[in-house]
Amino acid sequence: MKIRYIISAAIIVFFCNISIGSISFASSFSGADEYDFISDKNKVRSMLSNGDNVAAYEYIRQRLEDDYPENAAMEYRYYTLVNEISLEIGNEYMQVIMTSIDMSRAMYLVSYQQASIQLSNYLLNSAASKGNQDALRRLQANAIVSGFGNQYGGGSTSGYTPSRQNETCSLCKGHGWIPGSSTPTYGNTGTTVCPDCGVVNLSHSHDRCPACMGKGYIYR
């Protein structure tokens, strides 16, 4: 009788373990991350196609705050999406600079571009630190393009140990300033010639770059 109870208990424990394991397995492969990403990508690209670049960034930032991806592969995919947003904000900034003197709008876009770059870098570095090969290759390519050479020891991606380097500021192109309109005109109108920028309004100024704080480079 005692042996029968022991066997019955063992069978119950065995099937309980199987049941618990099945629940855990199903949860880890729910597919929610993939569905969410596709939905987010479609929504973001729709916003970008309509020129709502800042709104697209705010949307994806909030989504990541509410439901950050759990695995490195999904982090990398969100990196590519945030990178798209950053590029579009940068393009909008250039259009504002080239076609108007709305510096308040330009500075507004600068702040969002820098925020999107920081977010994309966070996603990329986090994915790489977890061994994601796509992220590691992207970091290596970025380092080569930036002129830092191969910082992973002859192309090896085992043991992710990125180094910090001075990178030329992409906003001011290393000048430490960006075109502005803060020079007092005291009611005067007209144009003048800037040796760096050409024909400009009298209010034209060289304002300290908000991205690198006037240094001309960013410490990565």
Side-chain angles (χ1 to χ4, degrees), residues 30-130 132-143 145-146 162 167-174 177-181 207-213 217-220:
S30 62
D33 283 345
E34 177 69 17
Y35 175 82
D36 289 343
F37 176 77
I38 293 173
S39 176
D40 289 340
K41 180 177 68 174
N42 291 337
K43 189 171 184 66
V44 162
R45 288 183 173 173
S46 175
M47 290 179 176
L48 295 179
S49 66
N50 292 327
D52 299 327
N53 303 319
V54 170
Y57 167 76
E58 285 291 357
Y59 169 79
I60 206 67
R61 179 190 62 80
Q62 189 62 54
R63 284 286 295 115
L64 290 170
E65 284 187 4
D66 294 341
D67 189 17
Y68 190 83
E70 296 180 358
N71 62 76
M74 197 58 64
E75 280 182 314
Y76 180 77
R77 296 183 72 179
Y78 272 101
Y79 152 75
T80 63
L81 188 57
V82 175
N83 199 43
E84 284 185 40
I85 297 172
S86 179
L87 291 173
E88 289 302 323
I89 294 176
N91 290 337
E92 184 180 352
Y93 165 80
M94 293 304 298
Q95 289 177 359
V96 170
I97 290 295
M98 297 298 292
T99 61
S100 73
I101 56 172
D102 187 357
M103 293 310 300
S104 61
R105 176 66 181 176
M107 298 306 295
Y108 173 78
L109 292 170
V110 165
S111 65
Y112 271 99
Q113 186 184 31
Q114 290 303 309
S116 63
I117 289 172
Q118 290 176 1
L119 179 55
S120 65
N121 284 343
Y122 178 85
L123 288 161
L124 181 63
N125 290 328
S126 180
S129 69
K130 296 173 184 175
N132 180 268
Q133 294 300 305
D134 289 330
L136 287 165
R137 282 191 288 269
R138 172 61 64 180
L139 280 174
Q140 190 175 32
N142 289 349
V145 170
S146 299
E167 179 179 339
T168 300
C169 178
S170 60
L171 179 60
C172 68
K173 309 302 181 187
W177 54 265
I178 60 173
S181 58
D207 299 336
R208 186 175 68 168
C209 177
C212 65
M213 303 307 291
Y217 62 88
I218 295 175
Y219 193 51
R220 296 291 188 189

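We count residues from 1, following the sequence as given.
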On a heavy-atom basis, the closest approach of Leu109 and Ile89 is O-CG2, 3.5 Å

The reported gap from CD in Glu88 to CG in Leu48 (rounded to nearest 0.5 angstrom) is 5.5 Å

What one should report as the nearest heavy-atom pair of Ala56 and Ile85 is O-CD1, 3.7 Å

Result for ring pair (Phe, Tyr, Trp, His ring centres under 6.0 Å) between Phe37 and one of Tyr79, Tyr78, Tyr76 points to Tyr78

* To do: Verify, without hydrogens or angle tests, whether Ser39 (side chain) and Tyr35 (backbone) share a donor-acceptor contact under 3.5 angstrom.
  => no

**Any donor-acceptor N/O pair, Asn50 side chain to Asp52 backbone, under 3.5 Å** = no

Margin query: If you count every heavy atom of other residues, nucleotides or ligands that lies below 6.0 Å from Glu65 atom CD, does the total exceed 12?
Written below: yes

Salt bridge or not for Glu84 and Lys41, using N-O below 4.0 Å?
no

Rounded to the nearest 0.5 angstrom, the CG-CG distance for Leu119 and Leu124 is 11.5 Å

Exercise. Measure from the side-chain N and O atoms of Ser46 to the backbone N and O of Asn42, and report whether any donor-acceptor pair falls under 3.5 Å.
Key: no

Heavy atoms of Gly51 and Glu92 approach each other most closely as O-OE1, 4.4 Å

So CD of Glu75 and CG of Asp134: to nearest 0.5 Å the spacing works out to 13.0 Å

Looking at Asn132 and Ala135, would you say the former's side chain and the latter's main chain have a donor-acceptor pair under 3.5 Å?
yes

When rounded to the nearest 0.5 Å, the distance separating CD of Gln118 from CG of Leu123 is 12.0 Å

Q) Do Tyr93 and Ile178 touch side chain to side chain, with heavy atoms closer than 4.5 Å? A) yes

**OP:** Examine distances only and state if a side-chain atom of Ser86 and a backbone atom of Val82 form a donor-acceptor pair shorter than 3.5 Å.
**Re:** no

Heavy-atom count check: over 12 atoms from other residues, nucleotides or ligands less than 6.0 Å from Tyr68 OH? yes

One should read off an interatomic distance between Ile117 CD1 and Gln114 CD, to the nearest 0.5 angstrom, of 4.5 Å

Here the pair of heavy atoms bringing Ile60 nearest to Val44 is CD1-CG2, 4.1 Å

Rounded to the nearest 0.5 angstrom, the OH-OG distance for Tyr57 and Ser120 is 9.5 Å

| message | Counting C-beta onward and ignoring hydrogens, is there a side-chain heavy-atom pair between Thr80 and Arg138 closer than 4.5 Å? | response | no

*Dump the intermediate steps for side chain to side chain contact (heavy atoms under 4.5 Å, CB included) on Met47 and Glu58, then the final yes or no.*
CA-CA 11 Å; Met47 290 179 176; Glu58 285 291 357; over 6 Å; no

